[in-house]
Protein chains: 2
Amino acid sequence: MSEKEFPLHIPSKYHVSYYQIPIERFFQFGFSVDCVVFGCLENTLKVMLVERGVQPFKGQWALPGDLVYPNEEISTAAERVLRDLTGIQDIPTMEQTKTYGKVDRHPVGRVLTVGHYALVNPDIYNPHASSWADNIHWVDIEELPGLAFDHQEIIEDALEALRTDARKKPIGFDLLPEKFTLNDLQIIYESIFSTKLDKGNFRKRMLNMGLLKALEETQENVAHRPARLYSFDTQSYETLKAKDFSFEI
Amino acid sequence: MSEKEFPLHIPSKYHVSYYQIPIERFFQFGFSVDCVVFGCLENTLKVMLVERGVQPFKGQWALPGDLVYPNEEISTAAERVLRDLTGIQDIPTMEQTKTYGKVDRHPVGRVLTVGHYALVNPDIYNPHASSWADNIHWVDIEELPGLAFDHQEIIEDALEALRTDARKKPIGFDLLPEKFTLNDLQIIYESIFSTKLDKGNFRKRMLNMGLLKALEETQENVAHRPARLYSFDTQSYETLKAKDFSFEI
DNA sequence: GCAAAAGTGTTGTCAGTACACCCATGT
DNA sequence: ACATGGGTGTACTGACAACACTTTTGC
């Protein structure tokens, strides 16, 4: 990308009249996006952290994030960050959480950042993590290291947002591969909410909702009765949503 | 406020190395806050709108909002907007909702805005509205006029956030005066969720939660049996919150 | 007395919980 | 055979919805 694509288009057409201050003075903010990427590895909810390759905070652990280009949409920027990191083209879930703008949060100047959370499934993150293996780590949400900027706070808020959303929308499925067992699903929810759930009751609720398509396949090579595999029934979800059905957990 | 308080402090210490673009280029964003102020008038949930006094969109209906000063916190800016408008010093509820940043959302340049919602009660908004009477209106949420910028969308999202929060936190009380009847409270919730609720069941739930202090006072000069007045028991709420009690409606 | 809204009580249903039990597979 | 997790059934309970009823005021 060339410098020409970054014109400095300071506006001058209007003035903020009430204080007699030229409006250019208000156009000196920097602006970034940060992504809290959740994944489920080893039956635990983890967050993707990177080692920063640029100043400030070079070498420290941080969330994947970047400055936004002057002509780039917020959501596009967040998707770009995640795509550059993992190669994912279509991110199933990417939600804005909150915006952080403390005057002194960035040593370079006044930089606001828009927090996001994303959910990725094992089909995706396994192959691609290796290309950046040195500086991408999946970290248990209970064991976060010291982080650059206010990224600790951003993660905490993202986790809260994830928990709220997970009660109302079937986003747990986005953390699973295409085919999964009911136990896989239960583990996801136990991990998100840090609780234990009753097996029988969990199964009944999930199956009664009509969002699962039972496949003919079962697990293989397990030292116990093999579990049936299911997949998320997107079509059924869309029809149910239309009739003011609501996912509740 | 003088111009001196608005220095142009373009940073130059660091460079974004991966594209060889000087970091100054990324510091050309404008940044504002917008407030969706909810109040309950005539037993209906309303939103405060203002007639814009400056360009762009001068003369059109819009949300109260303003550009943020380079050394001002986001929350401070939102409180300032509301204080300038209503004289309120301590806003009981002011929550960030979402950030809007479409490239073309502002005709002057790239301006991001952080949406907020605020709840105000009749004790406050009645006296102060008159000082700006010409250009402040309370509008029924079902009957919004055409609005400047993307303010329609900001209101819709704020209403959704209000509804979500109102189910989990006792914020309905912030829309009421100090002393209120159970029916007043019921009307608030009916208005927020646009539904009808059963009187008996609503009373039972509210009283059982232990968040209401029954006063010795009753209504006066009503053409029916006068209702008992209640106030919100802040102290009880704090103790209950500590024991992982959760408000649910 | 009557209208109007405050305030109380009763009943049935349904969803969630706890928990016990059987089933199929690898070693 | 037995360990392991998959999968099913039952009984209890407590919250909530529906609705009928009594009470207190002004006119």
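This is a predicted model, so every value here is computed, not measured. First the proteins, then the strands, lettered A, B, ... as listed; each starts at 1. Just so it is clear, the values below take in all heavy atoms, side chains as well, and ignore hydrogens, waters and symmetry mates.
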Specify the angle, to 10°, made by the local axes at the two ends of the helix from C:dG1-D:dC27 to C:dT27-D:dA1 when five pairs are taken at each end. 10°

Pairs in or reaching into residues 176-197 of chain A: which pass ring pair (Phe, Tyr, Trp, His ring centres under 6.0 Å), with residues at least two apart or in two chains? A:Phe173-A:Phe180

To the nearest angstrom, how far is A:Met206 atom CE from D:dG6 atom C1'? 17 Å

Output all residues satisfying side chain to side chain donor-acceptor pair (under 3.5 Å) with B:Thr181, sequence neighbours left out; order by chain, then residue number. B:Asp184

Who passes side chain to side chain donor-acceptor pair (under 3.5 Å) against B:Glu160, sequence neighbours left out? none

Set out, line by line, the N/O atom pairs under 3.5 Å between protein and nucleotides 17-24 of chain D.
unit_1	atom_1	unit_2	atom_2	d
D:dA17	N7	B:Asn201	OD1	3.4
D:dA17	N7	B:Asn201	ND2	3.4
D:dA18	N7	B:Asn201	ND2	3.1
D:dA18	N6	B:Asn201	OD1	3.3
D:dT23	O2	B:Arg225	NH1	3.1
D:dT24	O2	B:Arg225	N	3.2

Calculate the interatomic distance between A:Asn221 atom CG and D:dG5 atom P; express it in whole Å. 16 Å

Any pair counted as side-chain hydrogen bond (donor to acceptor under 3.5 Å, both in side chains), so long as it reaches residues 208-218 of chain B, sequence neighbours left out: B:Lys179-B:Glu217

Over how many whole Å does the gap from B:Glu217 atom CD to D:dT25 atom P extend? 16 Å

With B:Ser194 via side-chain contact (heavy atoms from CB on, under 4.5 Å) - residues at least two apart: B:Glu142, B:Arg163

Quick one: side chains of residues 147-156 of chain A, donor-acceptor pairs under 3.5 Å with protein atoms, not counting sequence neighbours, listed by atom name and distance.
unit_1	atom_1	unit_2	atom_2	d
A:Asp150	OD1	A:Arg105	NE	3.4
A:Asp150	OD1	A:Arg105	NH2	2.9
A:Asp150	OD2	A:Arg105	NE	2.8
A:His151	ND1	A:Leu63	N	2.9
A:His151	NE2	A:Asp34	OD2	3.4
A:Gln152	NE2	A:Glu156	OE2	2.9

Within the 4.0 Å heavy-atom criterion, would you say B:Arg228 contacts the bases, only the backbone, or no part of the nucleic acid? sugar-phosphate

Test of understanding: with side chain to side chain donor-acceptor pair (under 3.5 Å), list the residues that count as partners of A:Thr93, not counting sequence neighbours. A:Asp174

Tell me the interatomic distance from A:Arg203, atom CZ, to D:dG5, atom P, rounded to whole angstroms. 15 Å

Quick one: side chain to side chain donor-acceptor pair (under 3.5 Å) partners of A:Arg83, sequence neighbours excluded? none

Distance in angstrom units between A:Asn208 CG and D:dG9 C1', rounded: 14 Å

Would a 4.5 Å heavy-atom cut-off, applied to side chains only, mark B:Phe38 and B:Leu162 as touching? yes

Give A:Asn183 one of three labels, base, sugar-phosphate or nothing, depending on what nucleic acid heavy atoms sit under 4.0 Å from its own. sugar-phosphate

Would you say the side chains of B:Asp157 and B:Tyr117 form a donor-acceptor pair under 3.5 Å? no

Could you pull out every donor-acceptor pair under 3.5 Å between side chains of residues 219-228 of chain A and any protein atom, sequence neighbours left out?
unit_1	atom_1	unit_2	atom_2	d
A:Gln219	OE1	A:Ala227	N	3.0
A:Arg228	NE	A:Leu215	O	2.9

Give the first and the last nucleotide of DNA chain C, reading 5' to 3', that has any atom under 4.0 Å from a heavy atom of chain B. C:dA4 to C:dT10

